[in-house]
Amino acid sequence: MPEGPSIVILKELVPQFSGKKVLEVNGNTKIDKERLLNKTVVEFKSWGKHFLILFEDFTIRIHFLLFGTYRINERKESQTRLGLIFENGELNLYTCGIHVLEGDLNEIYDWSADVMSDTWDPAKARQKLLLNPEMQACDALLNQEIFAGSGNIIKNEVLYRIHVHPSSKIGAIPKIQIDAMIREARQYSFDFLVWKKAYVLKKHWLAHTKKTCQRCDLPFKKEKLGKTNRRSFYCENCQQLYI
DNA sequence: CCGGTTGTTCAGCG
DNA sequence: GCGCTGAACAACCG
């Protein structure tokens with residue numbers, strides 16, 4: 001569920017509730033559910049891994065973390081975190097973090113940092129990267145201020161596509177590879193979106209969870225790397241280490 | 001049945 | 001106040 005493209009898929013499934021009034025609220029969320037009652041959804045948005053439900057005076061921010069899921073016009077057995085019932089159906093959210101955001105969303109979010117946004121700004125991403133020469137490539141691709149929406153799968157696939165070792169330092173990577181990283185972070189996210197919709201995402205993984213490199217047939221390394229200490233799958237032979 | 005995880009936050013420590 | 005570490009959260013798969 002959690003990476004950016006999955007949130008975009010959710011966003012595409014809910015316009016049926018845009019402009020509709022919340023007739024009933026349920027779930028074990030700690031936020032004040034009364035506040036949503038009889039309010040009308042203005043719009044649904046997303047920023048990276050955040051799913052946003054906009055009301056007139058406030059916004060509900062949903063983060064699915066590792067295990068979050070949702071159901072539209074159906075329910076799961078497990079406890080609902082937040083359920084919104086409209087005249088034409090319902091949106092049920094499970095195992096997610098929920099926050100209420102006050103004020104102007106444009107002051108909270110830099111939309112151009114979202115790799116899937118129409119306003120994604122590769123030049124800004126490049127600037128941010130160059131300001132962090134000591135940062136490791138694997139950490140950069142998980143950094144939500146630089147690549148909002150990118151997660152561990154996208155990280156591993158992008159680094160494999162651009163032939164860069166996850167422990168490479170940003171400042172030592174040739175500029176042409178930095179540009180490739182930025183380009184592929186977006187491109188792979190859209191490939192992810194298409195494949196996920198067609199239920200063929202895993203089939204297209206070339207690095208994530210893989211045992212062997214399809215380019216050179218040598219075994220992949222599997223290690224927890226970087227400050228983020230997340231699983232990296234990489235080929236020592238095909239992915240260059242820049243230090 | 002146990003181990004692991006598409007993620008983030010926060011407490012605790014030096 | 002900082003940076004770092006590890007726990008906590010919690011559902012599902014193999």
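Labels below follow one simple rule: chain letters A, B, ... track the order of the sequence lines, proteins then strands, and each chain is numbered from 1. As the structure is a prediction and not an experimental result, all values here were calculated from the model. The analysis underlying the following values was restricted to heavy atoms, covering all of them including side chains, and did not include hydrogens, waters or symmetry mates.
Tested against A/L101 for a side-chain contact (heavy atoms from CB on, under 4.5 Å), the candidates A/T59, A/I53, A/L54 yield a single pass: A/T59.
Of all nucleotides in DNA chain C, those with any atom nearer than 4.0 Å to a heavy atom of chain A start and finish, going 5' to 3', at C/dC4 to C/dC12.
Residue A/N229 contributes atom CG, which lies 14 Å from atom C1' of B/dG4 at whole-angstrom precision. What separates CG of A/L66 from P of B/dG3 is a distance of 18 Å, to the nearest Å. Rounding to whole angstrom units, CG of residue A/L65 and P of B/dG4 are separated by 21 Å. A/L142 places its CG atom 8 Å from the P atom of B/dT8, with the value rounded to the nearest Å. For A/N156 and B/dT5, the CG to P distance is 11 Å, given to the nearest whole Å. The distance between atom NE2 of A/H50 and atom P of B/dT8, rounded to the nearest whole Å, is 7 Å. The distance from atom CG of A/N152 to atom P of B/dG4 is 15 Å, rounded to the nearest whole Å. As rounded to whole Å, 14 Å separates atom P of B/dG3 from atom NZ of A/K224.
Taking the nucleotide of DNA chain C with the nearest heavy atom to each of A/T95 and A/K202, the more 5' of the two is matched to A/T95. Heavy-atom nearest nucleotides on DNA chain C were determined for A/Q79 and for A/K227, and the one closer to the 5' end corresponds to A/K227.
Side-chain N/O atoms of A/K49 include none lying less than 4.0 angstrom from OP1 or OP2 on B/dT6. A/R230 has no side-chain polar atom (N or O) that falls below the 4.0 Å cut-off from OP1 or OP2 of B/dT5. In terms of phosphate contacts, A/H63 brings no side-chain nitrogen or oxygen within less than 4.0 Å of OP1 or OP2 of B/dG7. In this structure, A/R231 does not reach the B/dG4 phosphate: none of its side-chain N or O atoms is under 4.0 Å from OP1 or OP2.
Evaluation of the side-chain hydrogen bond (donor to acceptor under 3.5 Å, both in side chains) rule for A/E184 yields A/R161 as partners, not counting sequence neighbours.
Salt-bridge check for A/R35 with A/E102: passed, with a basic side-chain N closer than 4.0 Å to an acidic carboxylate O. With respect to A/K20 and A/E87, a salt bridge is recorded, a charged nitrogen being found less than 4.0 Å from a carboxylate O. A salt bridge does not link A/R231 with A/E223: every distance from a Lys NZ or Arg NE/NH1/NH2 to an Asp or Glu carboxylate oxygen is 4.0 Å or more.
Between C/dA10 and B/dC1, the distance separating the two P atoms is 22 Å to the nearest Å.
Classification of the A/H204-A/W195 ring pair by plane angle, with boundaries at 30° and 60°, yields parallel. A/Y109 and A/W47 have tilted rings, their planes meeting at an angle from 30° to 60° on a 0 to 90° scale.
Nearest to the side-chain atoms of A/Q144 among the listed nucleotides B/dT5, B/dT8, B/dG7 stands B/dT8.
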#### Entry: Nucleic acid footprint by protein, nucleotides 9-14 of chain B - heavy-atom cut-off 4.0 Å, B for base, S for sugar-phosphate alone
------
#### Entry: Candidate pair A/R126 and A/K175, rule side chain to side chain contact (heavy atoms under 4.5 Å, CB included), full reasoning
CA-CA 9 Å; A/R126 195 169 196 266; A/K175 297 291 182 284; 3.7 Å; yes
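Helical stems in DNA chain B, defined as runs of 3 or more consecutive Watson-Crick or G-U wobble pairs with donor-acceptor distances under 3.5 Å: B:2-5 with C:11-14, B:7-14 with C:2-9.
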Considering only distance and modelled atom types, tabulate donor-acceptor pairs under 3.5 Å from the side chains of residues 21-31 of chain A, sequence neighbours left out.
residue : atom : partner : partner atom : Å
A/N28   : OD1  : A/R81   : NE           : 2.8
A/T29   : OG1  : A/I31   : N            : 3.2

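Applying the ring pair (Phe, Tyr, Trp, His ring centres under 6.0 Å) test to every pair with at least one member in residues 218-243 of chain A, sequence neighbours left out, gives these pairs: A/Y160-A/F220, A/H165-A/Y234, A/H208-A/F233.
Proximity of a side-chain donor or acceptor of A/T40 to a complementary backbone N or O of A/G19 within less than 3.5 Å is not detected. With A/K49 contributing its side chain and A/S150 its backbone, the two residues share a donor-acceptor pair below 3.5 Å.
Using a 4.0 Å heavy-atom cutoff across all strands shown, A/K76 reaches sugar-phosphate atoms only and no base atom.
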